[in-house]
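Numbers restart at 1 for each chain; the letters A, B, ... are given by sequence-line order, proteins then strands.
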Amino acid sequence: MILELSNIYKTYQQDALEVPVLKDVSLSVDKGDYLAIQGPSGSGKSTLMNIIGCLDLPTSGNYMLNGTNVLTQSDNALSEIRCREIGFVFQSYQLLPGETALHNVMLPLSFAGVPRHKRRAIAEEALKRVGLGERMHFMPNQLSGGQKQRVAIARALVNDPNIILADEPTGALDQKSGAQVMELFKKLNEEGVTIVMITHDSGIAAHAKTIKYIVDGRIYDREEDARHAIVEEEQSAEATEAEEA
Amino acid sequence: MIENIILSMRGIWSHKLRSILTMLGVIIGIASIIAIVSIVQGTNRKLEKSLIGSGNNVVSVSVLQENWEYDFSGGIPSGIPVVNDASIENIKNIEGVVDACKYHTRQGWNQVFYKDVGLSYGKVVGINPGYLNLVEYQINSGRDFAEEEYTNGKKVAIVDESAKDMLFNGENPVGEALEINGEPFIVVGVAKNLNKQQEEYESINDYYMNSYSSGQGQIFIPDGTWPIVYQYDEPEAVAIKVENVKQMQSVAASASDELNIYITNMDGYKYGANSGDDTESLKTLTNAIQLMLVGIASLSLLVGGIGVMNIMLVSVTERTSEIGLKKALGAKRRVIMAQFLTESAVLTSVGGILGIIVGIGLAKLISTLTGLEFAVSIPWIFISVAFSMGIGILFGAMPASKASKLNPIEALRRD
Ligand SMILES: Nc1ncnc2c1ncn2[C@@H]1O[C@H](COP(=O)(O)OP(=O)(O)OP(=O)(O)O)[C@@H](O)[C@H]1O
Ligand SMILES: [Mg+2]
């Protein structure tokens with residue numbers, strides 16, 4: 001087991017109001033898994049991803065990542081964990097606009113303390129792996145959305161992480177480049193990379209080996225249960241509307 | 001580190017105007033410090049040179065009242081005996097002394113006349129055998145005093161080059177008659193200071209030092225004749241030649257101690273070295289001015305530092321998403337800290353270097369405009385660079401620390 005979340009709650013404090021976003025979330029991922037977490041907008045997907053990615057800490061619960069208790073770590077230790085264990089792929093790519101594709105990919109290597117003279121070769125290798133060997137010296141604004149996302153995937157790969165964590169990796173892409181990214185994920189997973197992908201799109205989720213569903217901050221293993229939860233949620237919303245009327 | 005420096009340079013270059021405006025405070029501060037220090041050091045060096053040049057390793061110890069050479073205008077103070085031979089012997093035995101010779105001197109308005117031309121601020125010196133040699137004067141026309149003229153009260157005089165120029169309009173004065181304090185004297189020779197080149201007043205300081213040390217002309221008369229013009233038992237001064245200019249202060253102090261033993265007067269008269277002390281006190285003064293001006297310039301550096309802090313805070317805000325991304329990708333706090341500290345240190349160091357260049361230019365300009373000397377001080381250049389770098393680190397610390405503590409999710413959510 002690479003990753004194990006148990007009974008995670010996340011509550012945001014908005015002024016006097018407490019907003020519960022994640023409710024009793026338990027989740028485990030094995031090495032070599034390819035998991036998709038599918039859910040509608042506002043269901044808490046990004047919140048969950050931030051917790052899995054050690055960018056945020058839950059209000060309560062337990063989180064073991066590759067044998068480390070994440071909840072007891074300092075800010076610097078969390079940076080260290082993110083650096084070695086996790087490769088991030090964001091919906092909006094998050095490339096540094098002033099740096100070439102190659103330098104963007106080299107960035108995490110410097111944080112991991114890889115000697116300068118080794119960085120370039122590793123980054124070049126990663127860019128070749130995502131099919132961008134020809135465009136290493138392009139600036140981000142000279143690349144298409146799909147190419148930018150592949151640079152981001154290369155950047156996620158350079159430190160040999162245990163997990164690739166992707167939040168709506170195709171969200172900003174057209175059909176064709178979205179399909180390319182999915183192709184790449186599949187290939188990487190076959191090469192042994194563990195992937196956790198978050199999406200609202202069932203078509204994208206279908207590429208994963210396992211799919212879990214999130215509705216209103218709760219995790220469901222089966223689609224029917226999730227559907228049921230959605231219907232219930234809509235009914236209760238209608239009920240409150242009717243009451244108000 | 002080198003990467004960070006290159007990155008910072010790139011950042012500075014890509015925001016040229018903003019960087020220059022930010023650096024302005026540091027540039028002005030460092031430029032004024034360098035300009036001030038260059039001028040003050042130059043002036044001090046000049047003071048030292050003029051001391052060496054006009055005094056030629058000779059320091060004079062004379063009766064002072066409140067640190068000023070007593071001019072006898074208020075009469076002869078009692079309780080100050082003439083210098084005895086034993087004292088001269090003791091002075092000659094002081095470490096570093098080559099020779100010593102006692103003399104009388106008066107400096108004042110119109111005590112010497114040639115026909116109706118007065119020597120406005122000349123010096124009359126009553127000398128003993130060996131004096132001219134000691135102070136490195138040489139007879140270059142006419143003759144020296146004869147042995148017996150030192151004691152037989154003959155009214156003969158030797159004039160120096162300035163007195164020759166002032167009184168005789170540069171004509172040969174040998175054989176002419178002078179009037180000193182109402183008594184007629186025959187000029188027998190002209191003496192020239194071996195060390196002094198043709199007078200060149202490069203600056204106001206030069207002029208001051210020259211007029212002060214030799215007056216506007218010196219008239220030498222035999223010490224034995226002194227009582228005829230002035231009085232018996234007048235306090236004397238001692239000219240002391242030292243091996244090394246650096247010993248002047250200490251030798252003058254020891255010699256003064258020796259002579260002060262015999263003073264019984266209670267009105268605050270003491271032996272001391274006037275001109276040497278004066279150069280020191282001038283240097284102390286210029287150093288004090290330097291300290292004060294550097295203090296004022298440092299205020300500009302403080303303001304510059306605050307400007308740097310401000311722009312670094314802006315930079316942190318502008319680059320929130322970059323910082324957030326780096327933290328998300330695993331950058332530790334010190335990585336972010338180092339990036340911003342380097343940036344502000346490079347910014348102020350570049351400002352400091354520009355300031356040094358501007359400062360040297362400014363010193364050169366002041367020097368040509370006022371005739372003051374300037375000397376570029378290498379240690380101060382290093383101090384300035386180190387100091388401006390320090391300002392960058394000091395005032396960059398807060399913004400850098402703020403950047404390093406950014407929450408990556410907050411930062412990533414921005415766009
Ligand atoms: N910092 C915050 N403070 C208060 N509420 C928050 C905060 N972050 C998220 N939320 C709330 O948590 C809920 C879930 O947000 P989240 O971003 O996880 O949704 P999502 O599933 O990623 O939605 P989308 O598909 O639109 O990205 C939302 O209702 C949101 O308003
Ligand atoms: Mg989201």
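Residue A/N50 touches chain B through its side chain alone, counting heavy-atom pairs closer than 4.5 Å. At a 4.5 Å heavy-atom cutoff, the contact between A/L55 and chain B is made by backbone and side-chain atoms alike. Proximity to chain B (any heavy atom under 4.5 Å) is shown, for A/Q91, by neither the backbone nor the side chain. Interface remark: B/L329 contributes backbone and side-chain atoms alike to the contact with chain A (heavy atom separation under 4.5 Å). Heavy atoms closer than 4.5 Å to chain B are found nowhere in A/R84, neither backbone nor side chain. When heavy atoms are compared at a cutoff of 4.5 Å, B/L7 approaches chain A solely by way of its side chain, counted from C-beta outward.
Between B/P408 and A/R82, some side-chain heavy-atom pair lies under the 4.5 Å cut-off. A 4.5 Å side-chain heavy-atom check between B/L325 and A/F90 finds at least one atom pair inside the cut-off. A/F111 has its side chain within reach of B/K326: a pair of non-hydrogen atoms, C-beta onward, lies under 4.5 Å apart.
Using a 4.0 Å cut-off between a side-chain N of Lys or Arg and a carboxylate O of Asp or Glu, A/E80 and B/K327 do not qualify as a salt bridge. Taking the charged nitrogens against the carboxylate oxygens, B/K405 and A/D75 have no contact shorter than 4.0 Å, which rules out a salt bridge.
Options B/G324, B/A328, B/S14 differ in how many heavy-atom pairs under 4.5 Å they form with chain A, and the most are formed by B/A328.
Within a 6.0 Å radius of OH in A/Y12, more than 12 heavy atoms belonging to other residues, nucleotides or ligands are found. For A/K118, the NZ atom sits in a loose shell: 12 or fewer heavy atoms of surrounding residues, nucleotides or ligands are nearer than 6.0 Å. The neighbour count for B/M9 CE, taken as heavy atoms of other residues, nucleotides or ligands under 6.0 Å away, does not exceed 12. The neighbour count for B/I2 CD1, taken as heavy atoms of other residues, nucleotides or ligands under 6.0 Å away, does not exceed 12. Within a 6.0 Å radius of NZ in A/K187, more than 12 heavy atoms belonging to other residues, nucleotides or ligands are found. In B/R18, the CZ atom is crowded: over 12 heavy atoms of neighbouring residues, nucleotides or ligands sit closer than 6.0 Å.
Of all non-hydrogen atoms in B/G330 and A/C83, the two that sit nearest each other are CA-CB, 3.8 Å. The shortest non-hydrogen separation linking A/S79 to B/A331 is OG-O, 3.1 Å.
With values rounded to the nearest 0.5 angstrom, B/E322 atom CD is found 12.5 Å from A/L95 atom CG.
For the pair A/N76 (side chain) and B/R333 (backbone), a donor-acceptor distance under 3.5 Å is present.
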